Amino acid sequence: MRRESTAVSTLRRAYGTSRYGQLHYAAAGPNGTTDKTPVVCFHQSPISGAQFKLFQRAMAVDRLVLCPDTPGFGGSEGPSRLPQIADYAAAMGDWLDGLKLGPVDALGFHTGTLVAMELAILRPELVRRLSLTSLALFSDAERERNRKIFGNPRPLFDDPDYLGRYYRDQVSAADPAISEVRRLELFTERMRAGANSWWGPAAVFAYDTAERAKLVSQPTLLLVMRDTLADATRRASALFPRSRVVERLDWHGPTAWDAKATEVAGDVSRYFDGAA
Amino acid sequence: MGAKVWRQYGAGRYGQIHLTMAQPDAGPGSLTPVVCFHPSPMSGASYKVFQRVLAEDRLVLCPDTPGFGGSDGPDTPVTIPDYAAAMTDLLVGLGYGAKGKGPVDVVGCHTGTLIGVELATGRPDLVRKLSLPSLALFTAEERTKMKVQFGGPQPILTDPDFVPKVWRTTVIEGSTDSPPERRLELFVERLRSGTKGWFGPEASLNYDCESRLKQLTQPLLLLVLNEMLGPNTRRAKDIVKHAVLVDISAQAAHGAWDAQAQLMADSMRAFFDAA
């Protein structure tokens with residue numbers, strides 16, 4: 001049985017180390033001891049680990065939950081040149097090595113799905129199980145179309161109206177499923193990546209998800225939520241050697257980490273704690 | 001000479017306090033460390049360029065005031081003594097003070113000058129000298145007037161054009177003293193305090209700086225810049241007779257922390273390191 005959320009310790013932020021410099025993360029866990037495998041959550045770009053703040057608290061009632069900021073996002077120092085997903089995953093490996101936690105369960109959303117699965121491939125001793133939502137799996141045509149839209153620099157300084165439009169989309173006219181204060185917080189996290197914020201999406205569109213998925217040996221939950229990548233996530237079950245699909249189409253992917261935090265934590269916990 | 005820069009968290013009464021540290025590559029050296037308190041609603045990142053220059057020969061700490069940047073903050077508006085008390089927690093936790101590594105030198109700008117003054121008068125064992133360009137010294141009448149313009153909550157969420165307007169004025173049309181990427185960085189730091197960013201200016205406008213300045217015993221550098229608080233900074237010399245007034249307004253304006261970082265650092269070094 002899951003413990004009440006009052007058992008969760010205060011969320012604490014800290015810095016670890018990766019090949020790109022300091023790596024910022026938030027950690028939460030129960031006040032008492034736990035023998036459950038720690039969970040690491042890899043976020044969508046260009047946001048940060050703060051994307052999981054509410055989910056992290058819900059998930060942390062009975063285990064340690066770590067939400068790192070991908071290098072170049074949030075509070076983490078980033079590379080000086082356009083990286084690949086394998087670079088992000090290797091940096092996360094550096095960070096986990098420094099923490100000496102042993103194997104973890106890895107969860108990802110959008111860009112974070114690829115960082116999680118690539119870490120599982122590159123460093124199998126570090127990852128016990130995976131939970132992936134909105135897997136960034138594209139056909140060649142989808143990849144090319146998305147690359148043109150999201151995989152290039154944003155016109156931050158060239159288009160004086162860009163920020164106003166972005167703010168409207170993300171905050172003032174965005175989905176009211178999460179509070180306006182929280183939307184402002186997430187918008188700010190999006191902006192923290194600065195002019196290089198497109199590096200995360202660009203790395204996604206350069207990654208061969210279909211081929212790499214075949215190399216994942218760990219048990220993998222494909223948690224399908226209502227989102228642009230719902231069908232891709234479902235489709236991926238044919239690629240991952242040890243996958244299970246759970247459909248939650250009544251949950252909206254981008255807001256469920258807040259609006260359905262407890263419910264999502266329940267599904268993910270059951271999978272991580274169940275028989276493989 | 002270069003400077004090694006890193007970020008870390010300390011502890012204060014409102015939770016974690018985020019700070020950026022910088023010191024010479026070879027080590028902190030023997031000069032008194034400097035702590036820089038920032039204007040609000042910004043963060044310690046305001047000093048990023050200046051910090052690296054000053055840290056070529058000493059340890060320089062730039063904390064984020066509670067509720068700003070990466071620091072946890074109070075839920076309701078607080079006072080300048082509250083902010084100073086949280087900074088006391090941080091510095092004592094880092095080992096400074098009479099029973100530890102001794103005092104620090106203080107730099108402040110706008111709200112940060114008041115935190116510096118309050119810290120120095122409340123905990124004289126923690127502060128050796130102060131350098132306060134852009135001192136937020138206002139008469140009671142000025143404070144009343146300024147509250148009309150700057151006091152109270154900002155319409156950050158109630159006016160959908162508020163944030164885009166801040167973007168336009170500070171980034172698109174902002175001072176070319178710093179590159180657009182740096183202006184973007186400071187815009188984001190400003191946003192990080194969210195709907196509570198007004199707590200800092202409110203605390204400043206409720207603070208009786210003049211009364212506290214009269215209690216100040218530490219050496220004080222009043223560095224006058226060509227910016228809105230230049231005249232206020234100059235006026236403080238009439239209150240703190242032992243203060244040293246240095247006018248660099250012909251060379252340095254509001255953007256001097258970035259654009260004239262070397263001049264700012266050298267002016268403070270001359271004061272901090274004098275006998």
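Lettering of chains follows the sequences in order, A, B, ..., and the numbering in each one begins at 1. All of these numbers come straight from a predicted model, not from anything done at the bench.
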At what distance, to the nearest 0.5 angstrom, does [atom1] of [X] lie from [atom2] of [Y]?
X        : Y        : atom1 : atom2 : answer
B/Arg190 : A/Thr188 : CZ    : OG1   : 12.5 Å
A/Gln22  : B/Thr20  : CD    : OG1   : 8.5 Å
B/Glu189 : A/Arg192 : CD    : CZ    : 6.5 Å
A/Asn196 : B/Glu181 : CG    : CD    : 8.5 Å

Identify the two heavy atoms, one from [X] and one from [Y], that lie closest to each other, and give their separation to 0.1 Å.
X        : Y        : answer
A/Phe187 : B/Val163 : CE2-CG1, 4.4 Å
A/Gly75  : B/Arg7   : O-NH1, 2.7 Å
A/Leu11  : B/Gln16  : O-OE1, 4.2 Å
B/Phe187 : A/Met191 : CE2-CE, 4.4 Å

(message) Please check this pair: side chain of A/Arg13 against backbone of B/Gly70, looking for a donor-acceptor N/O pair closer than 3.5 Å.
(response)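 Yes: the side chain of A/Arg13 pairs with the backbone of B/Gly70.
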(message) Applying side chain to side chain contact (heavy atoms under 4.5 Å, CB included) to A/His24 and B/Tyr9, what does each step give before you reach the verdict?
(response) CA-CA 11 Å; A/His24 185 263; B/Tyr9 286 96; 2.5 Å; yes
(request) Identify the residues of residues 163-184 of chain A whose heavy atoms come closer than 4.5 Å to a heavy atom of chain B, ordered by number, or report 'none'. (result)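 Residues of residues 163-184 of chain A touching chain B at under 4.5 Å: A/Leu163, A/Gly164, A/Tyr167, A/Val171, A/Ser172, A/Glu180, A/Val181, A/Leu184.
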(request) Heavy-atom distances under 4.5 Å only: say whether B/Glu185 touches chain A with side chain, backbone, both or neither. (result)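 Contact with chain A: none, neither part.
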(message) Please classify the contact between B/Asp72 and chain A as side chain, backbone, both or neither, with a heavy-atom cut-off of under 4.5 Å.
(response)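 Both parts, backbone and side chain.
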(message) Can you tell me how the ring of A/Tyr15 sits relative to the ring of B/His18, calling it parallel under 30°, perpendicular over 60° and tilted otherwise?
(response)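 Aromatic pair A/Tyr15/B/His18 classed tilted.
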Run the side-chain donor-acceptor check on residues 196-203 of chain B: report pairs under 3.5 Å with partners two or more places apart or on a different chain.
residue, atom, partner, partner atom, Å
B/Trp198, NE1, B/Thr195, O, 3.4
B/Glu202, OE1, B/Gly152, N, 2.8

(request) Evaluate whether atom NE2 of B/His254 has more than 12 neighbouring non-hydrogen atoms of other residues, nucleotides or ligands under 6.0 angstrom away. (result)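 At most 12 heavy atoms, drawn from other residues, nucleotides or ligands, come within 6.0 Å of this atom.
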(request) Look at B/Leu157, B/Ile156, B/Val188 and state which one has the largest set of heavy-atom pairs under 4.5 Å with chain A. (result)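 Highest number of heavy-atom pairs under 4.5 Å: B/Leu157.
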